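Treat the numbers as computed from the prediction; the structure is a model and nothing was measured.
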Amino acid sequence: RERYEEFLKKVTILSSMDDYERSQLADVLKSEEFKPGEYIIKEGDEGSVFFLLEKGRAYASKVFKADEPPKRVKEYQVGDYFGELALLKNQPRAASVLADTD
């Protein structure tokens, strides 16, 4: 829990939380690891999880035209987050996010 509490202090979107709120959130966090090139989320899938990048890097890619490959649209680093829009708007994932490094 302490590891997560220290990490959560560095996440910008959570900066207004007090220590108690951060400890409550730390209690429910679950770590997942992904290999480079592995999908973390896929465009069009239902969104039921919000991600905080604890280590490594990731990137978002989006399909703009059905007959073209996806384009890289955003880079993520430690402390960044993604997946919140599908939760907030109750809509499918707007983009895919893939691990860039371990």
Checklist entry - Do you know the tightest heavy-atom contact between Pro92 and Gly44? => result CB-O, 3.4 Å
Item to check | Spacing of Met17 atom CE and Glu5 atom CD [to the nearest 0.5 Å] | outcome: 10.5 Å
Checklist entry - Measuring from Gln24:CD to Leu8:CG, what's the distance to the nearest 0.5 Å? => result 12.0 Å
Next on the checklist: Please say yes or no: joined through hydrophobic side-chain contacts below 4.5 Å, possibly via intermediate residues, are Val49 and Tyr39 part of one cluster?
Outcome noted: no
Checklist entry - So, for Glu43 and Ser96, which heavy atoms are closest and what is the spacing to 0.1 Å? => result N-OG, 2.8 Å
Item to check | Glu33 side chain vs Asp102 backbone, donor-acceptor pair below 3.5 Å | outcome: no
Next on the checklist: side-chain contact (heavy atoms from CB on, under 4.5 Å), that's the test. Do Asp100 and Arg72 meet it? Break it down for me.
Outcome noted: CA-CA 11 Å; Asp100 210 9; Arg72 196 180 276 223; 3.6 Å; yes
Checklist entry - Within a strict 4.5 Å, meaning less than it, do heavy atoms of the Tyr81 and Thr12 side chains meet? => result no
Next on the checklist: Donor-acceptor check, side chain of Ser61 to backbone of Pro70, threshold 3.5 angstrom: yes or no?
Outcome noted: no
Next on the checklist: Using 0.5 Å steps for rounding, measure from the CD1 atom of Ile40 to the CZ atom of Phe51.
Outcome noted: 7.0 Å
Next on the checklist: Taking Phe50 as the starting point, is it possible to reach Leu88 by hopping between hydrophobic residues whose side chains are less than 4.5 Å apart?
Outcome noted: no
Checklist entry - Among the clusters formed by ILVMFWY side chains lying less than 4.5 Å apart, do Leu87 and Val11 turn up in the same one? => result yes
Checklist entry - So, does Thr101 use its side chain to make a donor-acceptor pair with the main chain of Gly56 at under 3.5 Å? => result no
Next on the checklist: For a quick check under 3.5 Å, do Ser31 and Tyr4 share a side-chain donor-acceptor pair by atom type?
Outcome noted: yes
Next on the checklist: Less than 6.0 angstrom separating the ring centers of Tyr76 and Phe82, yes or no?
Outcome noted: yes
Item to check | Lys/Arg N to Asp/Glu carboxylate O, Glu6 vs Lys9, below 4.0 Å | outcome: yes
Item to check | Separation of Glu32 CD from Glu54 CD (nearest 0.5 Å) | outcome: 11.5 Å
Checklist entry - Counting distance only, does the side-chain N/O of Asp80 pair as donor-acceptor with the main-chain N or O of Gln77 below 3.5 Å? => result yes
Checklist entry - Salt-bridged, Asp45 to Lys42, with N to O below 4.0 Å? => result no
Checklist entry - Are more than 12 heavy atoms from other residues, nucleotides or ligands located less than 6.0 Å from atom CD of Glu68? => result yes
Checklist entry - Roughly how far apart are Ile41 CD1 and Leu98 CG, rounded to 0.5 Å? => result 9.5 Å
Next on the checklist: Same cluster or not: Leu29 versus Val97, using hydrophobic residues (I, L, V, M, F, W, Y) connected whenever any side-chain heavy atoms lie under 4.5 Å apart?
Outcome noted: no
Next on the checklist: Taking Ala94's backbone N and O only, do any of them form a donor-acceptor pair with Lys62's side chain (distance below 3.5 Å, no angle check)?
Outcome noted: yes
Checklist entry - Would you say Arg93's side chain and Gly83's backbone share a donor-acceptor pair under 3.5 angstrom? => result yes
Checklist entry - Do Lys71 and Phe64 come within less than 4.5 Å of each other through their side chains, counting heavy atoms only? => result yes
Checklist entry - Can any side-chain N or O of Arg57 pair as donor or acceptor with the backbone N or O of Ala99 at less than 3.5 Å? => result no
Checklist entry - Taking a hydrophobic cluster as the set of Ile, Leu, Val, Met, Phe, Trp and Tyr residues connected by side-chain heavy atoms closer than 4.5 Å, whether directly or through intermediates, do Phe7 and Ile13 fall within one such cluster? => result yes
Next on the checklist: With a 6.0 Å cut-off (strictly less than), is the heavy-atom count around OH of Tyr20, excluding the residue itself, greater than 12?
Outcome noted: no
Item to check | Exam field: side chain Glu21 to backbone Asp18, donor-acceptor pair closer than 3.5 Å | outcome: yes
